[in-house]
Structures are given as C-alpha cells and as structure tokens.
Amino acid sequence: MVSVLRNVAIDCADAYELARFWSRVTGRPLGPGDGPGDREVAVVLAEGPVLYFSQVPEPKTVKNRVHLCLRPETSREEVERLLGLGATMVSDLRNPDGSGWAVLADPNTRDYQFCAA
C-alpha cells in the first residue's frame, strides 16, 4: 500500500484572498462553494494535488519550510505577470541566458515565498 498526495496545505492569515491570488497565478478555479470569508479555500489544479489554504490566527514566525516552484508554460515574462498580480520580488536570480529563477512573496502577507523560472 502507498499514500497519494491529496493537497498542499498552506496556513495563512486570509485564506480566501491568498487562494484568489493563486487562482489567478495558475488560471485554475477556486473550490466549488468557496467564497469571501471562508476560513478554508482550495484552488483546484488541472492535475496533481489541490492547493489548500487554511486561515490560522497565529502569524508566521520562522522561514517557510515549503515553497511552491513555478515553471512558465510559455515565456520568461511570467515573473512580470506575477508581479502585476501583486507578488513582490524577494530575490532576482535570473541570468541573461534564460537560466535561473526569481524568489517572490505573495501579495497578502508578503512572506509566503515562491520561485518562478
């Protein structure tokens, strides 16, 4: 017997708003019936696990031990699109030859970091 990855759970201060951001990043819908004020909100990806956002009362106190790594489907302009959606640049490690990545923070808490190639 084996286990199957069901979702990636992310604790946050505002589940609905952070899920809306990730819905726009991935182009995927929120879970059926999820709405403003919900303390648990999902983003249903086309394949793989669900992104599951859980609102918690305590603030983040240490570095995230998990982050999401994104790969653009089309071009390197994806980082600029994510910045336009409200992400913040933490560290730009992209190289002129197209290699590298950027470390970004989400628009709500400015502390959940993720990477985009």
Side-chain angles (χ1 to χ4, degrees):
M1 182 183 296
V2 298
S3 295
V4 176
L5 184 59
R6 178 178 171 176
N7 64 44
V8 175
I10 300 167
D11 290 352
C12 58
D14 189 332
Y16 178 73
E17 286 302 318
L18 192 53
R20 281 187 61 227
F21 169 75
W22 281 98
S23 174
R24 292 190 308 267
V25 168
T26 62
R28 301 299 302 162
L30 297 180
D34 288 346
D38 287 351
R39 298 181 56 79
E40 298 173 343
V41 182
V43 175
V44 182
L45 301 177
E47 54 187 76
V50 168
L51 295 179
Y52 176 81
F53 299 89
S54 178
Q55 193 163 311
V56 297
E58 66 275 358
K60 179 182 155 212
T61 58
V62 296
K63 180 181 184 256
N64 292 324
R65 295 190 63 144
V66 174
H67 63 265
L68 304 177
C69 292
L70 306 173
R71 179 185 46 81
E73 289 184 330
T74 55
S75 71
R76 291 187 51 92
E77 285 77 35
E78 180 65 1
V79 171
E80 283 66 35
R81 185 182 80 86
L82 298 173
L83 293 170
L85 291 175
T88 302
M89 181 70 73
V90 174
S91 182
D92 191 344
L93 303 168
R94 296 175 291 172
N95 301 308
D97 68 358
S99 63
W101 63 91
V103 178
L104 305 167
D106 77 68
N108 297 54
T109 61
R110 303 266 188 243
D111 69 359
Y112 192 87
Q113 296 181 358
F114 59 101
C115 300

Inset, instruction - Mind checking side-chain hydrogen bond (donor to acceptor under 3.5 Å, both in side chains) for Gln55 and listing every partner two or more places apart, or none if nothing turns up? - result: none
Inset, instruction - State, with a plain yes or no, whether a side-chain heavy atom of Ile10 is found less than 4.5 Å away from one of Val66. - result: no
Inset, instruction - Indicate yes or no: does Arg24 engage Glu17 in a salt bridge with an N to O separation below 4.0 Å. - result: no
Inset, instruction - Decide yes or no for Phe53 and Val43: does some side-chain heavy atom of the first lie under 4.5 Å from some side-chain heavy atom of the second? - result: yes
Legend entry - Short side-chain to backbone donor-acceptor contact, Asp34 and Ala42, under 3.5 Å: yes
Inset, instruction - Output all residues satisfying side-chain hydrogen bond (donor to acceptor under 3.5 Å, both in side chains) with Arg81, sequence neighbours left out; order by chain, then residue number. - result: Glu78
Legend entry - Residues that Tyr52 engages under side-chain hydrogen bond (donor to acceptor under 3.5 Å, both in side chains), provided they are two or more places apart: Glu40
Inset, instruction - Locate the shortest heavy-atom distance separating Gly86 from Pro107; write the atom from each residue and the value. - result: O-CB, 3.0 Å
Inset, instruction - Identify whether Trp22 and Met89 are in the same connected component of the hydrophobic contact network (ILVMFWY, side-chain heavy atoms under 4.5 Å). - result: yes
Legend entry - pair Leu30-Tyr16: side-chain heavy atoms closer than 4.5 Å: yes
Legend entry - Close side-chain approach of Arg6 to Val50, heavy-atom, < 4.5 Å: no
Inset, instruction - May I ask you to test the Trp101-Val79 pair for a side-chain heavy-atom distance under 4.5 Å? - result: no
Inset, instruction - Look at the side-chain heavy atoms of Ile, Leu, Val, Met, Phe, Trp and Tyr, link any pair under 4.5 Å apart, and say whether Val44 and Val41 land in one connected group. - result: no
Legend entry - Closest heavy-atom pair and its distance - Cys12, Leu18: CB-CD2, 3.6 Å
Legend entry - Taking every non-hydrogen atom, the tightest pair across Val90 and Leu104: CG2-C, 3.9 Å
Legend entry - Side-chain heavy-atom pair Leu85, Val25 within 4.5 angstrom cut-off: yes
Inset, instruction - Keeping the roles fixed (side chain from Asn95, backbone from Asp97), state whether a donor-acceptor pair exists under 3.5 Å. - result: no
Inset, instruction - Give the minimum heavy-atom separation between Gly33 and Asp38, together with the two atoms involved. - result: O-OD2, 3.6 Å
Inset, instruction - Just do the side chain to side chain contact (heavy atoms under 4.5 Å, CB included) check on Val8 and Leu68 with the steps written out, would you? - result: CA-CA 9 Å; Val8 175; Leu68 304 177; 4.3 Å; yes
Legend entry - Full working for side chain to side chain contact (heavy atoms under 4.5 Å, CB included) between Thr88 and Leu83: CA-CA 6 Å; Thr88 302; Leu83 293 170; 5.7 Å; no
Legend entry - Distance, nearest 0.5 Å, that separates CG of Leu70 from CG of Leu82: 6.5 Å
